[in-house]
*Asks:* 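Got a structure for you, questions after.
Both backbone and side-chain heavy atoms feed into the values below; hydrogens, waters and symmetry mates do not.
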Amino acid sequence: MVYTPQPSAQARRRQLLGEALLHNELVAYIPLYNQIVPWAMRRSVELPHRAYDRTDWRNIRLH
């Protein structure tokens, strides 16, 4: 069985979502960290990208 909300519930949900997004513009966002994601490198450089975003300099290979 699939739950289908009543039209009034859908309208209320849209209203609440709109209010939440409006308040989102009023909140200051200060990032606590700067995530570095590798996106390009020379063809002669080989460096595996790790899940925890740390570079292990011992794994750099230059061809």
Side-chain angles (χ1 to χ4, degrees):
M1 178 184 275
V2 176
Y3 171 72
T4 306
Q6 300 298 322
S8 61
Q10 288 178 346
R12 178 72 176 144
R13 184 174 294 118
R14 286 190 186 118
Q15 177 189 4
L16 290 173
L17 181 59
E19 291 174 7
L21 292 176
L22 176 66
H23 289 296
N24 197 19
E25 293 177 0
L26 302 175
V27 175
Y29 174 72
I30 301 173
L32 298 178
Y33 66 95
N34 184 16
Q35 182 176 1
I36 299 172
V37 179
W39 57 273
M41 67 178 83
R42 290 183 176 210
R43 291 177 194 233
S44 63
V45 177
E46 181 180 331
L47 174 64
H49 178 67
R50 303 201 175 268
Y52 52 86
D53 293 329
R54 297 282 185 222
T55 301
D56 186 356
W57 298 101
R58 297 172 293 177
N59 292 336
I60 295 176
R61 303 285 182 246
L62 300 174
H63 301 285

*Asks:* Only counting residues at least two apart or in another chain, list the ones meeting side-chain hydrogen bond (donor to acceptor under 3.5 Å, both in side chains) with R58.
*Replies:* D56
*Asks:* Please identify each residue that fulfils side-chain contact (heavy atoms from CB on, under 4.5 Å) with R43, with sequence neighbours left out.
*Replies:*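 R43: no side-chain contact (heavy atoms from CB on, under 4.5 Å) contacts found.
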*Asks:* Which residues satisfy the side-chain contact (heavy atoms from CB on, under 4.5 Å) test with L17, sequence neighbours excluded?
*Replies:*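 L17 satisfies side-chain contact (heavy atoms from CB on, under 4.5 Å) with L21 only.
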*Asks:* Run the numbers on Q10 and R13 for side-chain hydrogen bond (donor to acceptor under 3.5 Å, both in side chains), then give the verdict.
*Replies:* CA-CA 5 Å; Q10 288 178 346; R13 184 174 294 118; over 6 Å; no
